[in-house]
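Keep in mind the model is a prediction, meaning the values are calculated, not measured. Both backbone and side-chain heavy atoms feed into the values below; hydrogens, waters and symmetry mates do not.
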Amino acid sequence: MNAESRTRLDRTPEWNALAKHRDELGEVHLRELFADDPSRADKYTVSVGDLHLDYSKHLVTDETLRLLRELAASADVAGLRDAMFRGERINTTEDRAVLHTALRAPESAVVEVDGENVVPAVHAVLRKMQIFTDRVRSGEWKGHTGKRIKNVVNIGIGGSDLGPAMAFEALRAYTARDMTFRFVSNVDGADLHEAVHDLDAAETLFVVASKTFTTIETITNATSARNWLLTELRADESAVAKHFVALSTNAEKVADFGIDTANMFEFWDWVGGRYSYDSAIGLSLMIAIGGDRFREMLAGFHLVDEHFRCAPPEENAPLLLGLLGVWYGNFHGAQSHAVLPYSHYLSKFAAYLQQLDMESNGKSVDRDGRPVSWETGPVVWGTPGTNGQHAYYQLIHQGTKLIPADLIGFARPVEDLQPGLVAQHDLLMANLFAQGQALAFGKTPEEVAAEGVPAELVPHKTFKGNHPTTTILASELTPSVLGQLIALYEHKVFVQGAIWNIDSFDQWGVELGKVLAKRVEPALTEGADVPGLDASTAGLVARYRELRGR
Ligand code: F6P
């Protein structure tokens with residue numbers, strides 16, 4: 001496809017066919033779609049690994065799905081996917097390959113970047129991580145005073161925090177319960193303070209995670225952590241080697257910071273920050289769950305990578321999810337997408353997906369730098385479902401906005417749950433199933449009236465329904481299943497970026513704020529004159545200084 005036809009996605013025959021089809025479908029209701037086709041639930045269910053995906057509660061017909069697949073074909077999603085797996089430089093604005101899939105490839109695989117197979121290096125780092133993990137967990141690795149390490153504090157932000165922090169929460173049941181794990185990201189000193197104030201420095205290991213090792217929040221927190229450690233231990237710089245390790249692509253900056261590069265776990269520029277937690281960035285997680293569990297998680301990722309690479313379009317789960325998002329975002333005007341896990345352990349799942357999806361697809365120019373004239377990535381949000389039910393579900397059920405949602409649940413609770421609490425699992429899952437049903441089918445005015453509700457209250461108690469959901473049901477939240485879930489979303493995001501013809505792997509939109517913060521800081525601290533400061537910001541800075549007594 002040439003650049004011009006790619007740019008005008010919304011003028012392709014495939015796009016126009018979808019727009020026409022959308023008009024023809026009108027306000028068709030899920031009640032009708034289910035009544036018309038008794039096989040709908042079976043037909044619109046796919047399985048990948050341990051994940052069972054029911055997408056029957058979507059506003060689609062066979063024709064919708066066919067037209068969406070044609071759109072994917074015309075955008076050559078499969079071609080771009082294959083180029084990604086082959087190690088081509090599909091991140092064009094940074095001139096980089098995009099190879100997070102190589103991080104979970106088996107040792108026998110061959111994935112080449114510029115003619116070099118990267119898989120042996122990936123496995124060498126994994127082995128180094130495992131050796132270190134074993135030494136920490138067994139107590140063989142001692143702190144400066146000879147005490148064993150009991151606390152691990154990960155310092156990183158964005159992709160160097162969200163992945164390990166989310167996965168630690170998700171896999172808590174598999175973690176070393178006799179150790180303490182904390183994740184510090186915010187440059188607000190309160191974050192580090194709360195993470196370390198009750199820890200014994202002699203038993204604490206700091207894992208400084210930063211791909212670039214230049215990120216101001218991380219370097220500031222790591223410097224403060226080093227000061228805290230040396231003060232607490234009344235030690236000199238020699239103590240740092242036993243209490244700090246680095247995860248980075250930048251050995252020079254790691255050495256500049258004062259961390260011995262022997263204590264550095266490397267990864268590569270072809271791993272994007274938000275795709276990095278199964279690289280060395282996962283070290284804190286590996287220490288928490290152990291090397292074997294970490295490898296099980298990688299195998300889960302790989303399983304879905306292979307599915308995405310090989311499954312036919314009709315059964316390709318990430319492709320389907322990506323296309324459904326395009327259907328709502330581009331043809332129904334949906335602005336957001338809710339992720340609603342029915343698992344307390346997935347409390348950070350939506351926050352993780354926010355970076356994955358919104359940093360990837362929050363773009364408004366195409367791969368050639370031309371403005372797009374179609375909607376791109378949605379606002380992604382959510383919290384564990386049962387809590388959401390008593391907060392914002394009201395708006396999803398009866399508000400004016402269309403909010404497609406993913407309901408995620410597990411058949412079995414985690415294994416180490418107290419027996420008395422296991423019984424609650426059925427109630428939890430009953431809520432998931434009930435919400436999917438209520439959102440899809442609602443409650444008609446006739447049904448409300450038949451319950452004897454006074455006429456004036458009938459509109460208030462009516463549920464329109466027709467709110468689309470995907471239900472993702474898995475056996476249990478294991479490391480492998482977590483890997484499968486994350487890979488599913490990674491590839492969904494890929495599919496959408498490919499269709500919208502945007503570079504899903506750069507993040508230039510975060511740069512301006514970083515530059516301006518550096519420029520404004522001296523104005524706060526020293527009252528320095530910042531040339532070109534707008535009147536509003538100058539006024540706020542002046543008020544801030546006044547409140548700080550400066
Ligand atoms: O927010 C921008 C960003 O570059 C993310 O993409 C990245 O995950 C995060 O900052 C942290 O970067 P680093 O790992 O280099 O410290």
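A 4.5 Å side-chain heavy-atom check between D503 and E94 finds every atom pair outside the cut-off. The closest side-chain heavy-atom distance from V207 to I155 is not below 4.5 Å. T12 is not listed as a side-chain neighbour of E70, based on a closest heavy-atom distance of 4.5 Å or more. Side-chain contact between F349 and I486 is present, with heavy atoms from C-beta onward closer than 4.5 Å. You'll find the side chain of F181 reaches within 4.5 Å of the side chain of I287, heavy atoms only. The side-chain heavy atoms of N501 and L9, taken from C-beta on, include no pair separated by under 4.5 Å. In this structure, the side chains of H307 and N316 come closer than 4.5 Å at one or more pairs of heavy atoms. For the pair T478 and E296, the minimum side-chain heavy-atom distance is 4.5 Å or more.
Here the straight-line distance linking atom CD1 of I219 with atom CD1 of I157 works out to 11.5 Å at 0.5 Å rounding. To the nearest 0.5 Å, the span separating CG on L33 from CG on N466 amounts to 7.5 Å. For the atom pair L320 CG and W327 CH2, the distance stands at 14.5 Å (nearest 0.5 Å). Atom CG of L432 is separated from atom CD1 of I408 by 9.0 Å, given to the nearest 0.5 angstrom. Atom NZ of K20 is separated from atom CG of L67 by 9.5 Å, given to the nearest 0.5 angstrom. The line from CG of L53 to CG of D406 is 8.5 Å long, rounded to the nearest 0.5 Å.
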Next on the checklist: Pair T64, T61 - check side-chain hydrogen bond (donor to acceptor under 3.5 Å, both in side chains), show working.
Outcome noted: CA-CA 5 Å; T64 322; T61 62; 3.0 Å; yes
Next on the checklist: Checking E27 against R22 for the salt bridge (charged side-chain N to carboxylate O under 4.0 Å, His left out) test, could you report, in this order, the C-alpha distance in whole Å, the side-chain angles of both residues, the deciding distance, and whether it holds?
Outcome noted: CA-CA 9 Å; E27 295 310 305; R22 165 74 185 93; 3.8 Å; yes
Next on the checklist: One pair to check against side chain to side chain contact (heavy atoms under 4.5 Å, CB included): F410 and S475. What are the steps and the verdict?
Outcome noted: CA-CA 5 Å; F410 303 92; S475 44; over 6 Å; no
Checklist entry - Passes side-chain hydrogen bond (donor to acceptor under 3.5 Å, both in side chains), W500 versus N330? Steps please. => result CA-CA 10 Å; W500 293 323; N330 297 108; 2.8 Å; yes
Next on the checklist: One pair to check against ring-ring contact (aromatic ring centres under 6.0 Å, His included): Y174 and Y345. What are the steps and the verdict?
Outcome noted: CA-CA 11 Å; Y174 297 87; Y345 291 110; 8.9 Å; no
Item to check | Pair V184-F206, side chain to side chain contact (heavy atoms under 4.5 Å, CB included): steps then yes or no | outcome: CA-CA 10 Å; V184 173; F206 290 96; over 6 Å; no
Item to check | Derivation and outcome, side chain to side chain contact (heavy atoms under 4.5 Å, CB included), residues T92 and D506 | outcome: CA-CA 8 Å; T92 50; D506 62 15; over 6 Å; no
Item to check | D357/S360 under side-chain hydrogen bond (donor to acceptor under 3.5 Å, both in side chains): CA gap, chis, key distance, verdict | outcome: CA-CA 5 Å; D357 201 323; S360 295; over 6 Å; no
Checklist entry - Taking it one step at a time, do F494 and S504 satisfy side chain to side chain contact (heavy atoms under 4.5 Å, CB included)? => result CA-CA 7 Å; F494 174 92; S504 297; over 6 Å; no
Next on the checklist: With side-chain hydrogen bond (donor to acceptor under 3.5 Å, both in side chains) as the criterion, how do N431 and Q389 come out once you've worked through the C-alpha distance, each side chain's angles and the decisive distance to 0.1 Å?
Outcome noted: CA-CA 9 Å; N431 273 280; Q389 284 172 211; 2.9 Å; yes
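Annotation for H397: atom NE2 counts as buried by contact number, over 12 foreign heavy atoms lying within 6.0 Å. Within a 6.0 Å radius of CD in E511, more than 12 heavy atoms belonging to other residues, nucleotides or ligands are found. More than 12 heavy atoms of other residues, nucleotides or ligands sit less than 6.0 Å from atom NZ of K464. E314 CD: more than 12 foreign heavy atoms inside a 6.0 Å radius.
Between A280 and L247 the shortest heavy-atom distance is O-CD1, 3.3 Å. Taking both residues in full, the closest heavy atoms of A538 and L533 are given as CA-CD2, 3.8 Å, listed atom of the first, atom of the second, then distance. Listed here is the closest heavy atom pair of G159 and S276: O-OG, 3.5 Å. Nearest heavy-atom pair, I499 versus A75, reported as atom, atom and distance to 0.1 Å: CA-CB, 4.0 Å. Summarising the geometry of S284 relative to F183, their closest heavy-atom pair is CB-CE2, 4.2 Å, with the distance given to 0.1 Å.
With hydrogens and angles ignored, the 3.5 Å screen pairs a side-chain donor or acceptor of N154 with a backbone N or O of S160. Side chain of R182 to backbone of V153: no donor-acceptor contact under 3.5 angstrom is found. The closest donor-acceptor contact from the side chain of Q484 to the backbone of F301 lies at 3.5 Å or more, if one exists at all. Panel note: side chain D368, backbone R370; no donor-acceptor pair is recorded below 3.5 Å. One N or O on the side chain of H58 and one on the backbone of T469 form a donor-acceptor pair closer than 3.5 Å. At distances below 3.5 Å, not a single donor-acceptor pair connects side-chain atoms of D188 with backbone N or O atoms of D191. In terms of modelled atom types and a separation under 3.5 Å, the side chain of K348 and the main chain of G163 share no donor-acceptor contact. The backbone N or O of D95 sits nowhere less than 3.5 Å from a side-chain atom of N91 that would complete a donor-acceptor pair. Although no hydrogens or angles enter the test, the distance criterion places no donor-acceptor pair under 3.5 Å between the side chain of D50 and the main chain of V481. In this structure, S248 contributes its side chain and S210 its backbone to a donor-acceptor pair below 3.5 Å.
At a threshold of 4.0 Å, the pair E375-K363 does not count as salt-bridged, since none of the basic side-chain nitrogens sits closer than that to a carboxylate oxygen. Using a cutoff of 4.0 Å between basic side-chain nitrogens and carboxylate oxygens, R81 and D305 are not scored as salt-bridged.
Ring centroids of Y328 and H337 are separated by 6.0 Å or more, keeping the two rings apart. For F433 and Y342, the ring centers are positioned 6.0 Å apart or more.
The salt bridge (Lys or Arg N to Asp or Glu O under 4.0 Å) contacts involving residues 488-497 comprise R104-E490, where partners must be two or more places apart or lie in separate chains. Within the structure, the ring pair (Phe, Tyr, Trp, His ring centres under 6.0 Å) test picks out the following pairs touching residues 68-101 (sequence neighbours left out): H100-Y275.
At a cut-off of 3.5 Å, with distance as the only test, no side-chain donor of E217 or N186 sits close to an acceptor on the other residue. No side-chain N or O of R367 forms a donor-acceptor pair with one of T93 less than 3.5 Å apart. A donor atom on one side chain and an acceptor atom on the other are found under 3.5 Å apart for D10 and S373. For the 3.5 Å distance criterion, the side chains of S56 and D54 qualify, holding a donor opposite an acceptor.
A tilted orientation is assigned to the rings of W374 and W15, their planes being inclined by 30° to 60°.
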